[in-house]
Amino acid sequence: MGSGASSAQVLHVLRVSPDTADPAAWDPRATPVGPRSKAAARGCRSAVARRLGRLQEALYAEGVRGGRRSLLLVLQGMDTAGKGGTVRHVAGLLNPLGLRIASFGRPTEEELGHHFLWRIRRELPPPGRIGVFDRSHYEDVLVARVEGLVPEHVWRARFDEINDFESELADQGVTLVKCFLHVSPEEQRERLLARLDRPTKRWKYHPDDLAVRARWDDYQRAYADVLLRCSTPAAPWYVVPSDRKWYRDWVVARLLLATLERMAPRFPEPDFDVAEERARLLSADPWRGGRPSTEDNGPAGGG
Ligand code: AMP
Ligand code: MG
């Protein structure tokens with residue numbers, strides 16, 4: 001399944017290591033593991049969805065029965081890298097009941113009055129759920145750094161704060177999957193043009209997007225530091241080549257699947273005696289031997 005790619009391969013190939021922490025080491029158009037064409041990616045989709053669905057249900061069931069584990073997918077990337085599209089794709093593969101989705105824009109006045117992790121903690125997935133973050137606490141070492149929103153000593157200290165926070169999350173049972181959606185400046189230009197040219201996409205455009213684009217190299221350097229400093233065993237970063245949407249979608253779904261497989265959620269054992277409950281249901285059941293007479297059951301043929 002998955003175009004011959006095993007979970008171990010997918011996790012290994014795309015995982016950031018000290019040698020590959022610089023985005024420049026990655027080609028945003030590459031397909032280093034898994035399907036090499038849109039048709040091949042489409043061919044894997046239903047098998048991935050089926051396996052994801054089953055594991056998600058087991059994780060949810062664990063949570064209902066007192067399990068503490070959850071999974072948190074963090075999506076970061078430049079404008080147009082496809083954070084929103086990825087949320088849509090992933091959400092389409094999962095049961096919405098077990099999802100907790102949050103997006104993080106410019107902090108509100110209230111949020112600015114708190115520590116930068118305050119608003120993040122409030123959106124963490126409850127036990128049994130899969131959380132998806134469209135942007136995250138990493139903005140506080142990306143945009144905050146590049147745009148000079150806080151002094152250098154403040155954002156520099158945040159790398160350690162983030163690592164401590166994420167290792168605390170791991171201890172609490174939150175498994176993190178952090179995805180850097182890696183898009184090229186050429187592809188971004190095409191996507192920004194599409195946002196300007198298509199009336200139904202204009203709402204996604206903001207004139208400030210061009211100022212951010214103009215600082216492309218500064219942002220890539222900031223990402224390089226994030227990937228280098230904050231890809232830890234407890235909370236690894238993965239690079240998702242994102243110039244091709246079908247590949248980006250396949251990778252994120254496959255990383256999610258591989259991570260869930262590692263977590264190996266198990267449907268909980270019942271805390272009651274199944275045989276006894278079965279016998280109780282059958283013996284005390286007024287409908288035993290068929291439906292009761294229709295007189296007791298509303299209008300004939302109704303319901
Ligand atoms: P979008 O994802 O296009 O809706 O844009 C959200 C905007 O909010 C982006 O320009 C982000 O850089 C910005 N943003 C998100 N988090 C922060 C933060 N902690 N500080 C400043 N700006 C942020
Ligand atoms: Mg935007």
Side-chain angles (χ1 to χ4, degrees), residues 23 72-91 100-124 131-163 165-166 176 178-185 187-227 229-230 237 240 242-243 245 248 252:
L72 175 58
L73 176 67
V74 171
L75 301 173
Q76 283 287 161
M78 299 293 283
D79 281 317
T80 78
K83 298 179 290 293
T86 305
V87 172
R88 213 163 47 234
H89 177 72
V90 165
R100 169 94 182 240
I101 299 173
S103 60
F104 296 95
R106 270 173 244 280
T108 61
E109 278 302 314
E110 186 190 23
E111 287 167 351
L112 284 172
H114 292 270
H115 186 268
F116 76 101
L117 294 172
W118 180 75
R119 65 176 185 161
I120 305 296
R121 291 182 190 275
R122 305 203 321 162
E123 299 290 349
L124 291 170
V132 184
F133 280 3
D134 165 6
R135 301 189 192 267
S136 66
H137 42 298
Y138 283 98
E139 291 294 321
D140 294 284
V141 283
L142 290 163
V143 65
R145 166 183 180 171
V146 176
E147 307 298 336
L149 305 181
V150 292
E152 177 164 350
H153 73 270
V154 172
W155 61 256
R156 277 212 181 274
R158 288 177 177 169
F159 292 120
D160 286 341
E161 283 185 87
I162 288 174
N163 287 339
F165 169 61
E166 292 183 353
L176 278 121
K178 301 182 295 190
C179 292
F180 169 54
L181 307 184
H182 187 29
V183 76
S184 67
E187 182 65 24
Q188 190 196 52
R189 184 184 55 233
E190 296 312 305
R191 293 182 186 176
L192 286 174
L193 280 172
R195 287 184 179 184
L196 288 169
D197 293 344
R198 291 200 215 152
T200 57
K201 289 197 168 193
R202 283 184 192 141
W203 66 274
K204 294 192 200 179
Y205 184 86
H206 193 286
D208 290 350
D209 292 351
L210 295 190
V212 173
R213 175 175 167 77
R215 311 194 74 163
W216 189 274
D217 291 342
D218 294 338
Y219 275 96
Q220 298 298 300
R221 259 193 298 279
Y223 268 109
D225 276 349
V226 161
L227 300 182
R229 302 282 313 269
C230 299
W237 271 104
V240 181
S242 295
D243 272 13
K245 293 177 184 173
R248 174 201 74 202
V252 176

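Counting starts at 1 for both ligands and their atoms, following the listed order.
Of the protein's heavy atoms, P107 CD, 3.4 Å lies nearest to atom 20 (N) of ligand 1. Nearest to atom 10 (O) of ligand 1 among the protein's heavy atoms is R106 NH2, 4.0 Å.
Residues D79 and R213 form no side-chain contact, since every pair of their non-hydrogen atoms from C-beta on lies 4.5 Å or further apart.
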K245/R191 under side-chain contact (heavy atoms from CB on, under 4.5 Å): CA gap, chis, key distance, verdict: CA-CA 11 Å; K245 293 177 184 173; R191 293 182 186 176; 3.7 Å; yes

Full working for side-chain contact (heavy atoms from CB on, under 4.5 Å) between Q76 and E139: CA-CA 8 Å; Q76 283 287 161; E139 291 294 321; 2.9 Å; yes

Chi angles and distances behind the side-chain contact (heavy atoms from CB on, under 4.5 Å) call for D209, H206: CA-CA 5 Å; D209 292 351; H206 193 286; 3.7 Å; yes

R145/Y219 under side-chain contact (heavy atoms from CB on, under 4.5 Å): CA gap, chis, key distance, verdict: CA-CA 9 Å; R145 166 183 180 171; Y219 275 96; over 6 Å; no

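With H137 as the fixed residue, the ring-ring contact (aromatic ring centres under 6.0 Å, His included) test singles out one of F116, W155, F159, F165: F165.
If you check each of G105, A211, S103 against atom 17 (C) of ligand 1, the one with the closest non-hydrogen atom is G105. With R135, E139, H206, E111 as candidates, the residue nearest to atom 9 (C) of ligand 1 on a non-hydrogen basis is R135.
Every atom of ligand 1 is numbered from 1 in the order shown, and the set under 4.0 Å from a heavy atom of D140 is 19 (N). Near L149, meaning under 4.0 Å from one of its heavy atoms, ligand 1 places the atoms 21 (C). Close approach of ligand 1 to R119 (heavy-atom distance below 4.0 Å) involves ligand atoms 16 (N), 17 (C), 18 (C), 19 (N).
Remark: distances from the non-hydrogen atoms of A144 to ligand 1 are all 4.0 Å or more. The shell of residues lying under 4.0 angstrom from ligand 1, judged by heavy atoms, excludes M78.
Looking at ligand 1, you won't find any N or O of V143 less than 3.5 Å from one of its N or O atoms. Looking at ligand 1, you won't find any N or O of K83 less than 3.5 Å from one of its N or O atoms. In terms of polar-atom proximity, S136 is not counted as a contact of ligand 1, lacking any N or O under 3.5 Å from an N or O of the ligand.
Within 6.0 Å of atom CZ in R202, more than 12 heavy atoms from other residues, nucleotides or ligands are found, so the atom counts as buried in its surroundings.
With a 6.0 Å cutoff to the six-membered ring centre and a 45° limit on the axis angle, R122 counts as a cation-pi contact of W118.
Within 4.0 Å of atom 4 (O) of ligand 1, not a single protein heavy atom is present.
At least one donor-acceptor pair closer than 3.5 Å links the side chain of K178 to the backbone N or O of C230.
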